[in-house]
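One-based numbering, in listed order, for ligands and for the atoms of each. Numbers here are sequence positions counted from 1.
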Amino acid sequence: MSYRAGFIGLIGQPNAGKSTLMNYLIDQKVSIVTSKPQTTRRRILGIQNTDNSQIVFIDAPGLVKAEKGLNAFLEKEAHDVIKESDALIAVLSIDEKDASAVEKVLDLVNKSKKPWMGLITKTDVSDKAHRILIVKAMVEELGAKCLQVSCLKDGKEGRNDILNQIETMLPESPAPLFEDDIYTTENVRALVAEIVREKCFENLEHELPFQLAAQVRKFDEDAKPCPKIYVDVLVAKESHKPIVIGKGAAVIKKIGQESRLEIEKIMDQKVFLELNVIVKENWYEQAQFMKELGYIVDGKK
Ligand SMILES: Nc1nc2c(ncn2[C@@H]2O[C@H](COP(=O)(O)OP(=O)(O)OP(=O)(O)O)[C@@H](O)[C@H]2O)c(=O)[nH]1
Ligand SMILES: [Mg+2]
């Protein structure tokens, strides 16, 4: 087989398991995962190399409808990923109650006229197993291949079957698109900010995590005895600040500790991490600032 390489967009409803799937398929944690919908805010690339192919996954935000605010950016980003991918995977969770939500995803990928396949996720959720056949039939009716996976329970074998199927959708390419020894184009700074955001999502409730951002203010790699990282946690309202900090700073301390452990794993060394909660009124309405955070504004980063 000749060498193949290309971009594979992961398209699905919020919380369908797209980020989990990408991490599973590249066997690395690149994209953050939480139990709440709308976790992913901008595209994140994850790269899988074999001898005869390079699959570049694009993890996108889930499909949402919105005219303005942060959700409008998420909507645009998901649609841009469809446009810019060589082929698509419709990520379909059996946890999804609403058949019309599945139809919407299938309709979008089908209309793209690009090669695509269906991938049913969360097959370990046993009381929903009856939906596997229904969703599979919906995909196959459109003439596409449909595989299934539990990213939590299936091991390496399931992974290889899916990767082999994805390879068949890739265009031929004279060479890899990226260096073949990297698994993401994200730099450590960006990964650190995303890890802090993930821990905020996990430790905060209601609308708060959705209106929160994280930004690395200073990254002193050469500090002794270990790198020092300062991250701003940005909240959109004054009233959010005491909630993020918590009584006796308990909440922010927990977020900091959990973040640090994960950052130490990716950097493979001890680090010093300081979090600072900052109020930036309605930051998501400020185009310049959105750009700084890496979110798409008017189609440009
Ligand atoms: N039981 C089970 N849970 C899963 C599986 N895959 C993902 N999840 C869970 O589903 C939730 C959402 O996963 P994500 O990967 O963040 O979903 P996403 O589609 O990226 O979500 P957004 O970025 O918000 O659109 C998390 O709690 C995951 O742990 C799976 O195979 N089985
Ligand atoms: Mg995600």
Side-chain angles (χ1 to χ4, degrees), residues 8-46 57-66 70-82 88-98 101-102 104-106 108-109 118-129 131-132 135 146-159 161-162 184 186 190-191 193-195 197-205 207-214 258 262 294-296:
I8 301 285
L10 302 178
I11 305 302
Q13 292 291 333
N15 220 31
K18 300 175 294 298
S19 300
T20 310
L21 176 68
M22 182 172 86
N23 294 341
Y24 168 75
L25 291 175
I26 65 170
D27 202 18
Q28 294 282 354
K29 177 163 173 185
V30 171
S31 208
I32 63 169
V33 168
T34 81
S35 58
K36 298 182 177 71
Q38 299 173 25
T39 301
T40 305
R41 286 188 184 157
R42 60 179 174 83
R43 72 194 70 178
I44 306 273
L45 302 190
F57 292 103
I58 317 180
D59 181 19
L63 300 169
V64 287
K65 270 235 127 339
L70 192 53
N71 282 353
F73 289 98
L74 301 188
E75 182 180 4
K76 177 152 192 348
E77 184 72 335
H79 283 88
D80 284 351
V81 168
I82 296 179
L88 302 168
I89 298 179
V91 181
L92 307 161
S93 165
I94 62 165
D95 232 0
E96 178 63 64
K97 292 183 275 307
D98 186 1
V102 176
K104 185 180 156 194
V105 176
L106 294 179
L108 267 175
V109 295
L119 191 44
I120 300 173
T121 58
K122 309 196 193 181
T123 55
D124 56 284
V125 183
S126 53
D127 60 328
K128 307 281 162 47
R131 294 208 188 115
I132 297 177
V135 176
C146 189
L147 298 184
Q148 61 190 64
V149 69
S150 160
C151 294
L152 305 191
K153 300 255 167 76
D154 293 356
K156 248 193 151 102
E157 204 165 305
R159 201 176 143 241
D161 288 346
I162 297 169
T184 185
E186 296 291 305
L191 290 172
E194 283 290 273
I195 288 169
R197 203 163 64 76
E198 179 185 74
K199 302 309 169 199
C200 290
F201 254 78
E202 284 172 354
N203 285 287
L204 299 164
E205 292 302 325
E207 90 272 34
L208 221 158
F210 303 103
Q211 297 187 8
L212 178 150
E258 291 175 6
E262 203 153 306
Y295 301 144
I296 297 283

Student: For atom 17 (O) of ligand 1, what's the nearest protein heavy atom and its distance?
Tutor: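 Atom 17 (O) of ligand 1 sits closest to the protein heavy atom Gly17 N, 3.1 Å.
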
Student: Provide, to 0.1 Å, the distance between atom 31 (O) of ligand 1 and the closest protein heavy atom, together with that atom's residue and name.
Tutor: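 Of every protein heavy atom, Cys151 N, 2.9 Å lies nearest to atom 31 (O) of ligand 1.
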
Student: In terms of atom number and element, which parts of ligand 1 are under 4.0 angstrom from non-hydrogen atoms of Gly62?
Tutor: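 Listed by number with element, the hits are 25 (O).
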
Student: Which residue owns the protein heavy atom closest to atom 13 (O) of ligand 1, what's the atom, and how far is it?
Tutor: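 For atom 13 (O) of ligand 1, the nearest protein heavy atom is Thr20 OG1, 3.4 Å.
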
Student: Checking contacts here: is it the side chain or the backbone of Asp124 that comes within 4.0 Å of ligand 1, counting heavy atoms only? Could be both or neither.
Tutor: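 Only the side chain of Asp124 comes within reach of ligand 1.
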
Student: Counting non-hydrogen protein atoms only, what is the nearest one to atom 26 (C) of ligand 1? Give residue, atom name and distance.
Tutor: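 Of every protein heavy atom, Thr34 O, 3.3 Å lies nearest to atom 26 (C) of ligand 1.
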
Student: Strictly below 4.0 Å, N to O, side chains only: are Glu198 and Lys29 in salt-bridge contact?
Tutor: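 Result for this pair is yes, salt bridge flagged.
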
Student: Is there side-chain contact between Arg197 and Leu212, with at least one heavy-atom pair below 4.5 Å?
Tutor: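 Touching, per the 4.5 Å side-chain cut-off.
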
Student: Are Glu77 and Arg41 within salt-bridge range, i.e. N to O under 4.0 Å?
Tutor: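 No, no charged N to carboxylate O under 4.0 Å.
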
Student: How about Asn15: does one of its N, O or S atoms come closer than 2.8 Å to the Mg ion (ligand 2)?
Tutor: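 No.
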
Student: As a quick check of understanding, evaluate side chain to side chain contact (heavy atoms under 4.5 Å, CB included) for Asn71 and Leu74, giving each step before the final call.
Tutor: CA-CA 5 Å; Asn71 282 353; Leu74 301 188; 3.6 Å; yes

Student: Report the part of Pro37 in contact with ligand 1, treating N, CA, C, O as backbone and CB onward as side chain, heavy atoms under 4.0 Å; options are side chain, backbone, both, neither.
Tutor: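 Backbone only.
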
Student: When rounded to the nearest 0.5 angstrom, what distance separates SG in Cys146 from CD1 in Ile89?
Tutor: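 These two atoms lie 11.0 Å from each other.
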
Student: For Glu262 and Lys199, what are the C-alpha separation, side-chain angles and deciding distance, and is it a side chain to side chain contact (heavy atoms under 4.5 Å, CB included)?
Tutor: CA-CA 10 Å; Glu262 203 153 306; Lys199 302 309 169 199; 3.1 Å; yes

Student: Considering heavy atoms of the protein only, find what lies nearest to atom 21 (O) of ligand 1 and give residue, atom and distance to 0.1 Å.
Tutor: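 Its nearest protein heavy-atom neighbour is Asn15 N, 3.0 Å.
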
Student: Say whether Asn203 and Glu258, considering side chains only, have a donor N or O and an acceptor N or O under 3.5 Å apart.
Tutor: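 Note: Asn203 and Glu258 side chains meet the donor-acceptor criterion.
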
Student: Going by the closest heavy atom to atom 9 (C) of ligand 1, which one wins out of Lys122, Gln38, Lys18?
Tutor: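 Shortest heavy-atom distance from atom 9 (C) of ligand 1: Lys122.
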
Student: Quick one: does Ser150 get a heavy atom under 4.0 Å from ligand 1?
Tutor: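 Flag set, Ser150 near ligand 1.
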
Student: Considering the heavy atoms of Pro14, write down every atom of ligand 1 situated less than 4.0 Å from one of them.
Tutor: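 Atoms satisfying the 4.0 Å criterion: 25 (O).
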
Student: Please find the pair of heavy atoms, one from Gly62 and one from Ala78, that lie closest to each other, and give the distance.
Tutor: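 Where Gly62 meets Ala78 most closely, the heavy atoms are O-CB, 4.4 Å.
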
Student: I'd like to check Ile44 versus Met22 (side-chain heavy atoms, cut-off strictly below 4.5 Å). Are they in contact?
Tutor: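 Contact flag for Ile44/Met22 side chains = yes.
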
Student: Just wondering, is there an N, O or S atom on Thr40 that's nearer than 2.8 Å to the Mg ion (ligand 2)?
Tutor: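 Within the cut-off used here (under 2.8 Å), Thr40 does place an N, O or S atom near the Mg ion (ligand 2).
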
Student: If the contact criterion is a heavy-atom separation under 4.0 Å, does Thr121 count as touching ligand 1?
Tutor: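 No; Thr121 lies far enough from ligand 1 that no heavy-atom distance drops under 4.0 Å.
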
Student: Which residue and non-hydrogen atom of the protein lie closest to atom 2 (C) of ligand 1, and at what distance in Å?
Tutor: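 Of the protein heavy atoms, Leu152 CD1, 3.3 Å lies nearest.
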
Student: Using 0.5 Å steps for rounding, measure from the CZ atom of Arg42 to the CD atom of Glu194.
Tutor: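 Taking CZ in Arg42 and CD in Glu194, the distance rounds to 5.0 Å.
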
Student: Just go through Ser35, Ser93, Ala60 and tell me whose heavy atom is the nearest to atom 27 (O) of ligand 1.
Tutor: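 The residue whose heavy atom sits nearest atom 27 (O) of ligand 1 is Ser35.
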
Student: Report the member of Val149, Val33, Thr39, Asn23 with the shortest heavy-atom distance to atom 29 (O) of ligand 1.
Tutor: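 Selected option, by shortest heavy-atom distance: Val33.
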
Student: Are Thr121 and Thr123 packed together at the side-chain level, in the sense that at least one heavy-atom pair is separated by less than 4.5 angstrom?
Tutor: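 No, too far: nothing below the 4.5 Å cut-off.
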
